[in-house]
Amino acid sequence: MSGGQQETTIGVHDLIARRRSPRALDAMSDVTPAQIRRLLEAARWAPSFGNTQPARFLVGLRGDDTYAGVLAALTERNRSWAHRAGALLVALTVRRNAKGEVPYAEYSTGLAAENLALQAVAEGLAAHQMAGFDADTVRRTFDVPTDVEPLVAIAVGPAADAEVLGEPRDVERERAPRTRLPLSELAYTGTWGAPLP
Ligand SMILES: Cc1cc2nc3c(=O)[nH]c(=O)nc-3n(C[C@H](O)[C@H](O)[C@H](O)COP(=O)(O)O)c2cc1C
């Protein structure tokens with residue numbers, strides 16, 4: 001990455017500015033069923049190609065079988081911090097329906113996941129997405145149909161102090177400033193590579 005830009009500099013909405021993916025989650029706080037419903041409702045109202053609505057979710061709350069099944073499917077690295085989450089979800093996408101292949105299924109599901117993540121911020125929670133999980137384990141554990149693909153696991157809970165991670169390297173990484181490409185490297189006008197004035 002060239003020339004990272006730290007934190008948000010232009011006044012974006014608070015929900016966007018405050019969203020992040022912490023690994024330090026509060027193991028003492030529960031995520032309530034009502035909060036989960038609002039997160040899912042936010043996902044439900046995301047745009048999708050032709051209103052195909054391919055996003056699906058498996059939802060586990062701390063202590064239930066679904067939570068245990070999702071936790072077991074995570075990579076060891078992700079399990080080492082995500083076990084503190086109040087809820088563990090998997091976002092899946094319906095690749096094919098009765099009309100055939102669903103166009104933009106993954107894209108539409110990503111939009112639903114971001115809606116969910118922003119609603120989490122509004123609830124005082126964080127939603128940390130993880131590619132690091134075994135999709136086949138999820139398929140087997142939850143009897144997922146073949147036309148449905150597990151895309152990301154999502155750890156949900158209130159953020160905690162970085163110290164809960166224990167390992168000094170992890171604490172340091174958690175506290176490191178977040179960086180992004182500068183706008184000049186991702187938005188062009190007139191011709192490819194020409195930044196906005
Ligand atoms: C599709 C996707 C997969 C990700 N997989 C993981 C993962 O397996 N483990 C992890 O700790 N973070 C994972 N992340 C979180 C990213 O590392 C994080 O979003 C990125 O570093 C930007 O940080 P921020 O979300 O705090 O802005 C993933 C994020 C996305 C969108």
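Ligands are counted one by one from 1 in listed order, and the atoms in each one are counted from 1 as well. One is the number of the first residue; the rest follow in order along the sequence.
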Handout entry: Part of Thr75 within contact of ligand 1 (heavy atoms, under 4.0 Å)
Key = neither
Handout entry: Ion pair Arg95/Glu106, N-O distance below 4.0 Å
Key = yes
Problem - Least distance between heavy atoms, Pro22 atom then Ala159 atom - result: CG-CB, 4.0 Å
Handout entry: Side-chain ion pair, Glu172 and Arg169, N-O less than 4.0 Å
Key = no
Problem - Single-linkage hydrophobic cluster Val152~Ile36, side-chain heavy atoms < 4.5 angstrom - result: yes
Exercise for the section: Mark the output for Phe133 as yes if a heavy-atom distance to ligand 1 is under 4.0 Å, and as no if none is. Expected result: no
Exercise for the section: Kindly check if the number of other-residue, nucleotide or ligand heavy atoms within 6.0 Å of CZ (Phe142) is above 12? Expected result: yes
Completion exercise
of all protein heavy atoms, closest to atom 18 (C) of ligand 1 is Ser21 OG, 3.9 Å
Handout entry: Residue portion contacting ligand 1 (non-hydrogen atoms closer than 4.0 Å) for Glu174
Key = neither
Handout entry: atom 21 (O) of ligand 1 within contact range, any protein heavy atom under 4.0 Å
Key = no
Practice task
Using a strict 4.0 Å cut-off to heavy atoms of Arg178, name the atoms of ligand 1 that fall inside it.
Solution key: 24 (P), 26 (O), 27 (O)
Exercise for the section: Run the numbers for me: atoms of ligand 1, each under 4.0 Å from some heavy atom of Gly132, listed by number. Expected result: 8 (O)
Handout entry: Glu163/Arg175 ion pair, N-O < 4.0 Å
Key = yes
Problem - atom 12 (N) of ligand 1 - nearest protein heavy atom and its distance - result: His128 NE2, 2.8 Å
Exercise for the section: Specify the protein heavy atom at minimum distance from atom 11 (O) of ligand 1: its residue, its atom name, and the distance to 0.1 Å. Expected result: Arg23 NH2, 2.8 Å
Exercise for the section: Heavy atoms only: give me the nearest Val144-Val138 pair and the separation to one decimal. Expected result: CG2-O, 3.8 Å
Problem - ligand 1 atoms in contact with Arg20 (distance to a heavy atom under 4.0 Å) - result: 26 (O)
Problem - Closest approach of any protein heavy atom to atom 9 (N) of ligand 1, naming residue and atom - result: Asn78 OD1, 2.9 Å
Handout entry: Under-4.0 Å protein heavy-atom contact, atom 16 (C) of ligand 1
Key = no
Handout entry: Option with minimal heavy-atom separation from atom 30 (C) of ligand 1, where the choices are Met130, Gln129, Arg180
Key = Gln129
Practice task
Check Arg77 against ligand 1 and report side chain, backbone, both or neither, counting heavy atoms closer than 4.0 Å.
Solution key: neither
Exercise for the section: Please check if Leu71 and Trp81 belong to a single hydrophobic cluster, counting links between Ile, Leu, Val, Met, Phe, Trp and Tyr side chain heavy atoms closer than 4.5 Å. Expected result: yes
Practice task
With Arg23 as reference, evaluate Leu165, Asp170, Val164 under the side-chain contact (heavy atoms from CB on, under 4.5 Å) test and give the passing residue.
Solution key: Leu165
Practice task
Return the residue, atom name and 0.1 Å-rounded distance of the protein heavy atom closest to atom 5 (N) of ligand 1.
Solution key: Ala131 N, 2.8 Å
Problem - Within 6.0 Å of OH in Tyr107, more than 12 heavy atoms from elsewhere - result: no
Fill in the blank from the handout: re atom 2 (C) of ligand 1, the protein heavy-atom contact at minimum distance is Val152 CG1, 4.3 Å
